Undergrad: 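After the structure tokens below, expect a handful of questions from me.
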4 protein chains.
Amino acid sequence: MPAVLGTSRLEAFSDGVLAIIITIMVLELRAPEDTSLVALRPLIPVFASYILSFVYIGIYWNNHHHMLHVTPRIEGGVLWANLHLLFWLSLVPFVTAWMGEHHFAAAPTATYGFVLLMAAIAYWILQRRIITVQGSDSLLARAIGRDLKGKISPVLYIIAIPTAFVNRWISGALYVSVALIWLVPDRRIERALVERDG
Amino acid sequence: MPAVLGTSRLEAFSDGVLAIIITIMVLELRAPEDTSLVALRPLIPVFASYILSFVYIGIYWNNHHHMLHVTPRIEGGVLWANLHLLFWLSLVPFVTAWMGEHHFAAAPTATYGFVLLMAAIAYWILQRRIITVQGSDSLLARAIGRDLKGKISPVLYIIAIPTAFVNRWISGALYVSVALIWLVPDRRIERALVERDG
Amino acid sequence: MPAVLGTSRLEAFSDGVLAIIITIMVLELRAPEDTSLVALRPLIPVFASYILSFVYIGIYWNNHHHMLHVTPRIEGGVLWANLHLLFWLSLVPFVTAWMGEHHFAAAPTATYGFVLLMAAIAYWILQRRIITVQGSDSLLARAIGRDLKGKISPVLYIIAIPTAFVNRWISGALYVSVALIWLVPDRRIERALVERDG
Amino acid sequence: MPAVLGTSRLEAFSDGVLAIIITIMVLELRAPEDTSLVALRPLIPVFASYILSFVYIGIYWNNHHHMLHVTPRIEGGVLWANLHLLFWLSLVPFVTAWMGEHHFAAAPTATYGFVLLMAAIAYWILQRRIITVQGSDSLLARAIGRDLKGKISPVLYIIAIPTAFVNRWISGALYVSVALIWLVPDRRIERALVERDG
């Protein structure tokens with residue numbers, strides 16, 4: 001399979017979509033009718049779900065940035081794997097609004113986890129696709145290694161989805177946990193770059 | 001006609017517009033008032049039309065990316081041919097919402113096909129314009145070849161538009177068929193690049 | 001005055017803002033409640049004002065692209081002159097919606113012209129500022145020449161604004177005329193580039 | 001701490017988010033139902049708050065542009081410090097709408113100042129982080145110097161926040177003052193560049 005396209009436009013388009021996703025979520029934070037500080041209180045769950053999703057989209061952008069940074073060339077299949085990832089991430093504002101406006105009710109919270117799960121799978125497919133093009137001894141393949149984080153995250157989502165119908169706070173705590181695991185940016189790639197260069 | 005402008009800013013602007021088009025469609029997926037999973041059911045046609053349009057915009061971005069990748073320089077007329085394409089694509093969120101919210105009713109489904117038809121014509125004009133600037137023995141001209149896909153697609157749209165008033169599902173199936181035809185990215189251009197380089 | 005910054009990020013940010021302006025206008029085209037083709041008829045003035053504004057933003061992007069193409073370096077003042085232009089253009093969706101939804105009523109149509117006038121003045125300031133930095137014998141200064149188009153446009157807007165209260169169609173025709181004058185992209189810059197290179 | 005990533009994608013993503021923030025604020029300027037010029041009068045406070053926030057986002061973009069211009073390489077921590085800044089700035093449309101729609105009422109005006117304060121702190125953290133990576137004798141560190149503006153601004157916000165509950169116009173005047181202080185772009189960086197090059 002030929003690898004003939006540069007990554008700059010893939011990155012530019014993904015940056016655009018992710019920038020819009022992260023920003024349109026704030027449209028759900030509608031200005032209260034009232035003018036007292038108390039009027040902000042009902043917005044707290046909407047705000048909490050906004051922060052969670054902002055961090056998630058930030059994590060995806062961050063890891064996407066690191067992954068593409070060590071990817072010199074791609075081919076058509078990678079473009080579609082990337083669009084597939086953006087598709088699931090584009091649903092994040094929808095599930096964020098549903099979950100936030102209904103105070104982390106069971107079904108919205110489970111659906112939120114489902115979208116996160118599908119995005120995680122889509123990211124994994126994209127990563128596999130890029131490694132296939134680059135070769136298994138590529139910088140990316142070595143940096144990813146056994147990909148422990150990438151394997152634990154979907155497991156935690158799969159636990160969180162049915163749990164939402166039992167106790168929504170456990171699900172919420174699981175989503176926060178996965179975010180915390182990833183909040184540390186993908187040092188693996190930076191380390192691999194330093195090893196290569198030094 | 002002088003070809004004096006690089007393509008980077010044309011690509012950046014198009015990426016921006018396409019990224020916004022693909023993302024604002026999700027604003028039509030409004031969070032349900034209810035919190036049961038059943039509340040998602042009325043959203044299914046909206047969701048189906050969103051997926052269809054997401055794939056279409058993805059196809060346009062993909063082909064646009066491939067086409068501009070083999071286009072070193074352009075002139076002013078190409079900028080306008082490109083804006084003309086973006087104009088018709090900018091109407092996709094509107095027709096997607098109209099079709100989705102009304103369960104693929106006849107007139108919205110026909111109008112959807114009309115916008116797709118105009119976008120296909122606009123893409124063809126842009127392609128012709130670029131080939132005129134590059135010359136008929138350019139990489140792009142050879143890669144496009146007889147452009148079978150580009151010729152079949154408008155024919156299928158023209159069939160689908162009146163058919164919507166007879167049986168909307170046939171029209172829908174035709175739109176899905178055209179998408180499937182194009183879902184395979186434009187390997188012609190990648191092949192031409194490999195031939196040139198190898 | 002030192003000219004120490006490249007133009008790439010100015011162009012990227014402007015592309016982003018212009019791409020969003022051109023695309024959010026389509027959000028005013030709300031999907032009709034009804035599903036007959038007749039339901040599109042009340043949208044015709046909204047649609048007409050959308051086309052007009054799309055062409056205007058396209059013209060600004062086009063000319064901005066040409067101008068920056070022959071501008072190698074800028075300084076801080078140019079960034080602000082550019083933001084000033086983007087400010088007036090950011091009001092285009094607002095006046096487009098007001099004019100379109102009220103069938104080109106007098107006050108909205110006059111306000112539309114006022115925003116176009118301010119954008120034209122802002123573009124002229126930006127152009128002067130760039131020429132000041134580049135020098136009066138720069139490629140841009142020579143390409144612009146006597147800037148006939150740039151001088152006629154504000155005059156036509158100034159005529160169109162009060163005329164809207166007498167006959168709205170004359171104002172509309174004047175806006176369309178200015179757009180047609182500019183629709184031909186700034187060949188002056190392309191010509192100047194060809195002269196320099198050939 | 002390794003500094004292994006270029007800044008181009010950080011800049012592109014930030015440009016995207018800032019472009020969207022600056023543009024979606026205009027969605028709050030809803031077209032009046034009435035068609036007289038008088039119908040624009042109730043929009044004046046919304047419009048005033050839009051101008052203020054447009055200038056603020058413009059200032060952040062401008063300073064961000066200058067700062068990254070003298071930052072050759074970054075590491076993962078900078079990406080997160082940047083996302084943290086974008087998070088607070090993403091709340092600007094929300095507080096702008098709340099403050100504008102309620103004619104600069106006390107609580108919205110105080111909340112507006114709180115978001116500006118957090119954004120200023122986030123900018124300071126980002127700046128410190130970049131200087132840590134670059135070294136204290138870097139171009140940026142020398143250009144920033146004692147950072148008088150950066151120290152005065154939060155102090156003025158901290159005064160403005162409680163003052164909003166006493167006299168909203170003093171708070172508003174303080175926000176305008178901080179904007180005016182910064183409206184002069186960061187000449188320090190341009191000066192440092194000229195010194196280095198000349």
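These numbers come from the heavy atoms of this one structure, side chains and all, not from hydrogens, waters or symmetry mates. Below, chains carry the letters A, B, ... as their sequence lines are ordered, and counting in each starts from 1. None of these values were measured; they are calculated from a predicted model.
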Undergrad: Below 4.5 Å from any heavy atom of chain B, which atoms of F165(A) appear? Answer side chain, backbone, both or neither.
TA: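 The side chain, not the backbone.
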Undergrad: Does any non-hydrogen side-chain atom of L91(A) lie less than 4.5 Å from one of F47(B)?
TA: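 Answer yes - side chains close enough.
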Undergrad: Need one label for A97(A): side chain, backbone, both or neither, based on atoms under 4.5 Å from any heavy atom in chain B.
TA: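 Both backbone and side chain.
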Undergrad: Rounded to the nearest 0.5 Å, how far does CG of L10(A) lie from CG of N62(B)?
TA: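 Going from the CG atom of N62(B) to the CG atom of L10(A) covers 9.5 Å.
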Undergrad: Heavy-atom distance under 4.5 Å to chain B: side chain of T111(A), backbone, both or neither?
TA: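 Side chain only.
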Undergrad: Who wins among P108(A), A110(A), A12(A) for the most heavy-atom pairs under 4.5 Å with chain B?
TA: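 Option with the top pair count is P108(A).
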Undergrad: Under 4.5 Å between any side-chain heavy atoms of S14(B) and F13(A), yes or no?
TA: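 S14(B) vs F13(A): side chains apart.
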Undergrad: Are L29(B) and W98(A) packed together at the side-chain level, in the sense that at least one heavy-atom pair is separated by less than 4.5 angstrom?
TA: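 Counting from C-beta outward, L29(B) and W98(A) never come under 4.5 Å.
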Undergrad: Under 4.5 Å heavy-atom distance to chain A, tell me which part of L40(B) shows up: side chain, backbone, both or neither.
TA: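 It is the side chain, since no backbone atom gets that close.
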Undergrad: Do T35(B) and H103(A) have side chains that approach each other closer than 4.5 Å (heavy atoms only, starting at C-beta)?
TA: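 Counting from C-beta outward, T35(B) and H103(A) never come under 4.5 Å.
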Undergrad: Quick one: are I24(B) and I24(A) in side-chain contact, heavy atoms under 4.5 Å?
TA: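 Side chain of I24(B) against side chain of I24(A), heavy atoms only: no contact under 4.5 Å found.
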Undergrad: Can you measure from NE2 (H65(B)) to OG (S8(A)) and round to the nearest 0.5 angstrom?
TA: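 Going from NE2 on H65(B) over to OG on S8(A), the span is 6.5 Å.
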Undergrad: Between H102(A) (side chain) and A31(B) (backbone), is there a donor-acceptor pair under 3.5 Å?
TA: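 Answer holds: no.
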Undergrad: Check the pair Y50(B), F87(A) against ring-ring contact (aromatic ring centres under 6.0 Å, His included), reporting the backbone distance first and the verdict last.
TA: CA-CA 10 Å; Y50(B) 174 59; F87(A) 173 77; 5.7 Å; yes
Undergrad: Is I22(B) in contact with chain A via its backbone, its side chain, both, or neither, using a 4.5 Å heavy-atom distance?
TA: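 Just the side chain, heavy atoms under 4.5 Å.
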Undergrad: Please round to the nearest 0.5 Å and tell me the distance separating atom CG of L27(B) and atom CG of L27(A).
TA: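 Here the interatomic distance stands at 6.5 Å.
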Undergrad: Any side-chain heavy atom of L83(A) within less than 4.5 Å of one from V55(B)?
TA: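 No, their side chains stay 4.5 Å or more apart.
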Undergrad: What heavy-atom pair brings S36(B) and A107(A) nearest, and what distance separates the two atoms?
TA: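 Of all heavy-atom pairs spanning S36(B) and A107(A), the closest is C-CB, 3.9 Å.
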Undergrad: Under 4.5 Å from any heavy atom of chain A, what part of I57(B) do you find: side chain, backbone, both or neither?
TA: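 Contact with chain A involves no heavy atom of I57(B) at all.
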Undergrad: Do F94(A) and R30(B) touch side chain to side chain, with heavy atoms closer than 4.5 Å?
TA: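 When only atoms from C-beta onward are counted, R30(B) and F94(A) do not touch, as no gap falls below 4.5 Å.
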Undergrad: Please round to the nearest 0.5 Å and tell me the distance separating atom CD of E11(B) and atom CZ of R9(A).
TA: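 Result: 4.5 Å between the selected atoms.
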